[in-house]
Number of protein chains: 2
Amino acid sequence: MAEKKVFEWRIAIADNKSIQKLEPQNHESKSIRLHDILAVNPLVIRVTRFFKTAWNLGVNDPRKVIHGLKVALAMTLISFFYYVRPLYDSFGGNNAVWAVMTVVVVFEYTAGGTLYKGLNRIGATLLAGFLGLGVCLVANETGPIFKAVIMGVSLFVIAAVVTYLRFIPVVKAKHDYGCMIFILTYGLVLVMGYDGKQELIDVTNERISTIIFGSCLCIIISMFVFPVWAGTELHVLISSNINKLANSLDSCVYEYFSPGDEEFKKKLGEYKCVLNSKASEESMANIARWEPAHGKFGFKHPWKIYIRIGATSRSCAYCIETLISHMDSKTRVPELIRKHVSASSFKVSSSSSDVLRELATTVSTMTQSTKMDSAVKELNNAVQQLQNDLESLPDLLIQSHEKYDLLEVIPLVTFISLLIEIALRIANIVKVVDEFAEVAKFKLAKDT
Amino acid sequence: MAEKKVFEWRIAIADNKSIQKLEPQNHESKSIRLHDILAVNPLVIRVTRFFKTAWNLGVNDPRKVIHGLKVALAMTLISFFYYVRPLYDSFGGNNAVWAVMTVVVVFEYTAGGTLYKGLNRIGATLLAGFLGLGVCLVANETGPIFKAVIMGVSLFVIAAVVTYLRFIPVVKAKHDYGCMIFILTYGLVLVMGYDGKQELIDVTNERISTIIFGSCLCIIISMFVFPVWAGTELHVLISSNINKLANSLDSCVYEYFSPGDEEFKKKLGEYKCVLNSKASEESMANIARWEPAHGKFGFKHPWKIYIRIGATSRSCAYCIETLISHMDSKTRVPELIRKHVSASSFKVSSSSSDVLRELATTVSTMTQSTKMDSAVKELNNAVQQLQNDLESLPDLLIQSHEKYDLLEVIPLVTFISLLIEIALRIANIVKVVDEFAEVAKFKLAKDT
């Protein structure tokens with residue numbers, strides 16, 4: 001009832017407005033009323049919001065629209081292939097069924113994801129198909145009771161063991177999907193083979209060949225039509241995350257010492273993306289290993305090291321989070337003291353973000369930066385200078401002849417300590433990126 | 001080659017040993033040799049490690065073994081059901097095929113997961129089945145070219161649009177699996193319906209009823225045979241995470257002011273579980289919404305609020321991470337100063353962890369704690385006392401007649417600031433848990 005009242009009230013308002021303002025154009029006032037009525041309908045609001053979200057998603061990343069078209073292309077191709085082939089009647093249309101099913105479940109957003117699923121599906125279907133055939137052929141040689149026992153027990157044991165194996169981390173990371181298909185295929189072969197049909201071998205063969213055909217079609221479309229490589233995604237994510245840390249750090253220190261810049265305020269929260277990217281980084285690194293050499297990434301590209309770069313970046317992000325939460329304390333710090341350290345704090349933050357941006361460029365271009373050493377040196381000097389400024393703070397307080405409370409200085413001291421801690425954590429990122437450069441044999445950047 | 005050499009050398013060593021020590025028992029020496037040979041074989045090592053991991057996983061959480069048995073039970077039941085029924089030949093064994101497939105893909109570890117997949121599968125199969133049938137029936141009325149165009153175009157459009165919809169967060173969270181099954185079923189019905197077979201309706205009906213039967217079997221076994229509820233898992237996770245924060249915080253402060261206790265050292269790293277639990281908390285909360293009332297959780301239990309409790313706990317964990325990284329600085333702080341604040345720091349950490357443990361109990365028992373108010377008050381007092389101690393630090397330094405460098409005091413000041421910041425963040429958890437108590441109408445705890 002409450003909602004209905006609001007609804008009526010809003011329409012009344014709209015009515016008044018239209019009467020006052022738009023009296024001469026009666027036609028337009030009516031259309032505004034309809035529009036207003038629609039605008040307050042909760043269903044219309046939800047649907048509108050849904051379509052807006054969908055639209056923005058596509059505008060921000062057209063590759064998602066392309067992915068939809070790619071899946072549709074694969075589906076249409078494979079169904080037309082089976083329309084044309086006269087195979088339909090050979091076994092109740094099962095061929096086309098498996099092909100369509102394979103396309104729907106195997107086609108993933110990234111090429112690596114499709115490869116992972118396709119290869120797992122092919123491998124598991126082959127293994128379970130032959131195992132199931134073997135068990136069926138053996139069971140058919142025995143009596144009817146033995147046969148049912150052999151089949152039932154083997155199905156139970158295989159389903160239980162393989163389902164359990166899926167919990168083991170190393171299996172889960174590489175062959176989770178394969179395990180599922182293994183149980184599925186084994187179950188199907190056994191169910192079909194119970195009647196001891198002679199065509200069981202043919203059916204299994206057809207299922208295997210259809211799945212191989214469907215998987216290969218998916219893999220080819222996924223890899224050659226506007227491919228999205230999980231490796232490239234991970235590569236871009238890691239370097240953009242490092243850039244985001246730099247932006248947040250810069251913004252935070254500027255906001256602390258000379259607040260008010262809208263540009264900086266916007267960038268303050270960028271570090272948040274880094275906080276929770278662990279799961280997606282790990283799954284992308286897992287998938288990237290299935291991908292062949294592409295672009296600048298060789299076959300044995302060290303994808304695992306990206307996880308470590310991500311971990312060091314995240315450790316840096318945790319500290320930035322704490323730093324930003326100490327920003328509110330700035331008002332309590334006396335102006336004189338704040339000014340005393342502002343120049344060297346700016347220097348630390350700017351050289352920290354220089355190092356971070358240099359790291360991002362190094363990762364993104366996969367070339368050894370010529371400026372890195374000097375940037376790190378500069379950061380060390382800046383930290384040293386900031387520590388000196390802190391050390392001379394008591395002298396300043398004595399000179400100024402004003403009595404300061406230690407409590408007034410503490411927020412600033414904490415802020416600066418955290419800033420220095422962040423510089424230390426950046427050094428950890430530098431170490432891992434150096435290791436990356438060594439393992440992946442980065443060349444020197446050209447701008448020497 | 002290098003590996004082979006090491007291998008031979010180790011055998012030689014084993015040989016020498018056996019000759020020196022075990023000369024009288026020639027039989028045992030041989031068995032030791034074989035054991036040693038196996039112990040250095042990389043494949044044997046890997047296999048042994050794999051089985052150890054698998055064994056430990058089961059010992060630590062027997063429910064994972066039970067899950068395997070539950071899936072096996074469902075598989076065996078459904079395949080026996082279709083062995084017994086004479087339906088096998090009605091459409092090339094498709095019935096049993098769909099039933100087996102449904103069990104394999106629908107059965108999830110948690111009851112909620114199985115419900116989510118089962119209901120999505122049933123809903124999507126129904127919708128897409130009827131839509132596909134409708135399109136087929138209409139298309140069959142037209143000429144052969146129109147028919148192919150209608151079918152091809154509708155398949156392409158549906159596949160593209162629904163695949164794209166899966167990217168939208170709200171769809172992804174609730175109906176990702178349903179979308180996949182929608183495309184799958186629509187594709188299957190169209191592929192089967194191309195020949196305009198009259199039995200298309202029967203086949204679709206059979207597929208739908210088999211899928212409903214398979215899904216229901218999964219849901220029943222999942223919910224009634226040793227059920228694992230996603231809601232309960234989430235509930236336990238959230239409260240144990242809060243307990244872990246308390247342990248880490250206690251350990252950190254003890255290690256800082258009176259290091260050496262092994263018990264505390266072990267607990268220091270427990271907070272790490274909290275850092276990266278966002279993804280699993282969100283997916284569990286999503287799944288928990290599908291679960292019916294169970295145990296102490298009603299049908300409309302506010303699962304979403306767990307995500308917020310998780311978020312505030314995580315924000316606390318970030319700060320604890322930074323605090324722990326400042327532990328190494330303790331050696332630089334003069335003993336006199338450290339002693340001055342140690343008592344009140346202990347008080348803050350112990351009352352912080354009291355509040356945290358009280359929060360964990362509140363969440364876990366879903367009863368309003370009678371001690372919470374006093375615990376929070378005590379924490380506030382402790383923080384106040386610590387701030388007073390900090391304030392009186394300059395006087396202490398003057399009294400002691402020793403000259404201290406500000407740089408020596410900074411690490412301690414930072415440590416204490418972070419401790420106070422953690423207390424503030426705990427207050428945020430208290431707020432959200434209070435809100436939880438209000439929404440879920442907690443009763444008062446009995447120990448008044």
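In this text the structure is predicted, and so the values were computed from the model without any measurement. Numbered from 1 within each chain, the chains take letters A, B, ... in sequence-line order.
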- Item | salt bridge (Lys or Arg N to Asp or Glu O under 4.0 Å) evaluation trace for B/E108 with A/R166 | CA-CA 11 Å; B/E108 289 282 313; A/R166 289 174 72 186; 5.6 Å; no

- Which residues share a side chain to side chain contact (heavy atoms under 4.5 Å, CB included) with A/A74, sequence neighbours left out: A/V103, A/F107, A/L217, A/I221

- Query: Do you know which of A/L73, A/D61, A/V170, A/V162 has the most heavy-atom pairs under 4.5 Å to chain B?
  - Reply: A/L73

- Query: Checking B/K64 against chain A: side chain, backbone, both or neither under 4.5 Å from a heavy atom?
  - Reply: both

- Task: Give the minimum heavy-atom separation between A/L275 and B/N276, together with the two atoms involved.
- Result: O-OD1, 4.4 Å

- Nearest-0.5 Å distance, CG of residue A/L323 to OG1 of residue B/T322: 9.5 Å

- Query: Which answer fits B/L165, side chain, backbone, both or neither, if we ask what part of it has an atom under 4.5 Å from a heavy atom of chain A?
  - Reply: side chain

- Atom group of B/E421 that falls short of 4.5 Å from chain A, counting heavy atoms: side chain

- Message: side-chain contact (heavy atoms from CB on, under 4.5 Å) for B/Y164 and A/L69? Distances and angles first, verdict last.
- Response: CA-CA 8 Å; B/Y164 180 66; A/L69 297 175; over 6 Å; no

- Item | ring-ring contact (aromatic ring centres under 6.0 Å, His included) partners of B/Y318, counting only residues at least two apart | A/Y318

- Query: With only heavy atoms counted, which part of B/V171 is less than 4.5 Å from chain A, the side chain, the backbone, both or neither?
  - Reply: side chain

- Message: For the interface with chain B, which of A/A317, A/A159, A/A72 has the highest count of heavy-atom pairs at distances below 4.5 Å?
- Response: A/A72

- Query: Rounded to the nearest 0.5 Å, how far does CD1 of B/I183 lie from CE of A/M101?
  - Reply: 13.0 Å

- Any side-chain heavy-atom pair from A/S79 and B/L155 closer than 4.5 angstrom? yes

- Query: How long is the gap from CH2 on B/W98 to CG on A/L188, to the nearest 0.5 Å?
  - Reply: 9.5 Å

- Using a cut-off of 6.0 Å, state whether more than 12 heavy atoms not belonging to B/F51 lie near its atom CZ. no

- Answer key: most heavy-atom pairs under 4.5 Å with chain B among A/G68, A/P169, A/S280, A/G58 is A/G68

- Task: Look up atom CD1 in A/I158 and atom CE in B/M75, then write down how far apart they are to the nearest 0.5 Å.
- Result: 9.5 Å

- Message: Could you tell me if the side chain of A/L418 sits less than 4.5 Å from the side chain of B/L418, heavy atoms only?
- Response: yes

- Message: With rounding to the nearest 0.5 angstrom, report the SG to NE2 distance, A/C319 to B/H326.
- Response: 6.5 Å

- For B/T414 and A/T414, which heavy atoms make the closest approach, and how far apart are they? CG2-CG2, 4.2 Å

- So NZ of B/K70 and OG1 of A/T163: to nearest 0.5 Å the spacing works out to 11.5 Å

- B/A54 versus chain A, the contacting section by heavy-atom distance below 4.5 Å: both

- For A/Y109, is it the side chain, the backbone, both, or neither that has a heavy atom closer than 4.5 Å to a heavy atom of chain B? side chain

